[in-house]
Amino acid sequence: MRRYLRKALRGTLGLAIGAMTAAAEAFYVLFGTLALAVPALRQPVFAGARVLSEVERRRLEKYFGEENATNYTDRRAMAYLVPRSVIGLLCAAIFILILLGAGSAVIIAAQLFEGQSPGGGAPADWYDPVTTVLFGGLLVFLSLQGLIGAATLDARLAKRFFGPSKSEQLRRRLSELTTSRAEVVEAVNGERRRIERDLHDGVQQRLVALGMLLGRARRATDPERASELLRQAHEESQRALVDLREVSWRVYPIALDADGLHPALEALAERSGIPVHLRVDLPERPPAAIETVVYFVASEAVTNTIKHAAATRIDIDVERDGDRVRVRITDDGAGGARESGGGLSGLAMRVAAADGRFTVDSPLGGPTVVTAVLPCE
């Protein structure tokens, strides 16, 4: 809620700045259009339009997060300022009406408080406060809708005139593919290192201990001692099988291919040492590649929580959101997790390689929320 409020306030400030710059842009468009009739003034006029357009482009980027290309022409900048000044003046008119409405609301509230009807001059009736609140709420709603509409028009207009060209789109896509390829290679290497570490520190140590127990049992001359060593060897073999099964599940759970994502996540929840509450809402089964990424995001997040978070509860929520699949893992632990640390960095690379988005929200004191959004087409 706080984040949305900050975003709304930031957007309102951006609209207010745009409303103030619109006056200068309107004058520039008016006199600049007249100056275009003089051939010697055309280039300076277009250059000035470029400066004003850059102010608007940076404003939209800073306050609305709208990123637009910079490789537009000066003529295109001049053409952009014409509708942009109209939208800005419209936004300024909305702000003026809001200020006038706020002032009127203060005056009417004072009159009602003194027992007068709105406008003064007569005693207030019982319905005056009701109608005042209803009409005031309606005006507030219309004003907010007007600001939202102006912001939408502002962003669409900039995208229409500043939007990336085909060459810019190809350049960005090539950069994304290059980054994704490097992230895939790094993610694969990270998985190999993790598997080697699990085998070396877990299964291999179990097998060495098993071999030592069997060797001691063979050399034992006391039957009772030999029987005890064989019992210990049998228990060690069972623990080695458990470790091997855990490693195999972390490499790739067979249930993911055989039964799908939901059963694989249920098995993950059953093996967890912390209570896991699972909710899966997928009308149809996603592609196998997406299922694999979703599973490993959940698995690694649960593992990190068990190791570092000191949590008492984990929630895994998987749902379809249009043409995307969203997985959200929440725990009530100590917080302080970072996307760049530990296994989470590997998850970020794995998700990025699938053209997804990966975020970690983990303030100190918790809760920690790990979210991955993946395309599902």
Side-chain angles (χ1 to χ4, degrees), residues 173-199 202-203 241-272 274 276-306 314-331 339 342-360 369-377:
R173 186 56 181 163
L174 179 60
S175 176
E176 291 174 357
L177 291 176
T178 302
T179 303
S180 296
R181 183 181 63 180
E183 289 173 342
V184 167
V185 172
E186 180 59 30
V188 170
N189 290 335
E191 287 295 317
R192 288 174 176 173
R193 289 191 294 268
R194 182 184 58 79
I195 294 170
E196 189 278 333
R197 185 170 59 252
D198 290 343
L199 291 173
V203 179
L241 285 175
V242 171
D243 287 349
L244 185 59
R245 190 178 298 114
E246 289 292 329
V247 172
S248 66
W249 265 91
R250 294 193 66 186
V251 172
Y252 192 86
I254 191 63
L256 200 57
D257 274 340
D259 304 315
L261 180 61
H262 197 170
L265 291 175
E266 286 179 339
L268 172 66
E270 291 173 358
R271 299 196 318 274
S272 172
I274 298 175
V276 175
H277 299 263
L278 176 65
R279 188 184 77 87
V280 179
D281 183 13
L282 296 175
E284 58 185 22
R285 186 171 177 179
I290 300 302
E291 281 189 327
T292 302
V293 177
V294 170
Y295 173 81
F296 280 105
V297 168
S299 177
E300 190 64 35
V302 169
T303 301
N304 282 356
T305 298
I306 294 173
I314 302 174
D315 292 284
I316 301 177
D317 190 0
V318 183
E319 62 182 355
R320 186 72 177 262
D321 183 12
D323 60 349
R324 296 182 175 272
V325 172
R326 177 183 289 104
V327 54
R328 181 183 294 108
I329 303 93
T330 307
D331 68 69
E339 183 178 330
L344 295 181
S345 60
L347 287 182
M349 289 186 290
R350 184 189 284 268
V351 172
D355 286 335
R357 299 195 310 273
F358 182 81
T359 59
V360 177
V369 181
V370 177
T371 306
V373 181
L374 297 151
C376 184
E377 298 178 348

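A search for salt bridge (Lys or Arg N to Asp or Glu O under 4.0 Å) contacts involving Glu270 returns nothing, not counting sequence neighbours. Under the salt bridge (Lys or Arg N to Asp or Glu O under 4.0 Å) criterion, Glu319 pairs with Arg279, Arg326, not counting sequence neighbours. In terms of the side-chain hydrogen bond (donor to acceptor under 3.5 Å, both in side chains) criterion, residue partners of Asp315 (sequence neighbours excluded) are, by chain and number, Arg313. Among residues two or more places apart in sequence or in another chain, the salt bridge (Lys or Arg N to Asp or Glu O under 4.0 Å) test is passed with Arg324 by none. Arg357 meets the side-chain hydrogen bond (donor to acceptor under 3.5 Å, both in side chains) test with no other residue; sequence neighbours excluded. Listed by chain and residue number, Ser272, Ile274, Val302 satisfy the side chain to side chain contact (heavy atoms under 4.5 Å, CB included) test with Ile306 (two or more places apart in sequence, or in another chain).
Atom CG of Leu374 is separated from atom CD1 of Ile290 by 5.0 Å, given to the nearest 0.5 angstrom. Thr330 OG1 to Ile316 CD1: the interatomic distance, rounded to the nearest 0.5 Å, is 9.5 Å. Asn304 CG to Ile314 CD1: the interatomic distance, rounded to the nearest 0.5 Å, is 10.0 Å.
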Discussion item. For Val294 and Val318: C-alpha separation, side-chain torsions, deciding distance, then whether side chain to side chain contact (heavy atoms under 4.5 Å, CB included) applies.
Written reply: CA-CA 8 Å; Val294 170; Val318 183; 4.3 Å; yes
Discussion item. Side chain to side chain contact (heavy atoms under 4.5 Å, CB included), that's the test. Do Phe358 and Val373 meet it? Break it down for me.
Written reply: CA-CA 7 Å; Phe358 182 81; Val373 181; over 6 Å; no
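Counting only distance, with no hydrogens or angles, the side chain of Ser299 and the backbone of Tyr295 share no donor-acceptor pair below 3.5 Å.
Nearest heavy atoms, Pro283 versus Arg320: CD-CB, 3.8 Å. Contact record, Val351 with Ala372: CG2-CB, 4.0 Å, taken as the closest heavy-atom pair.
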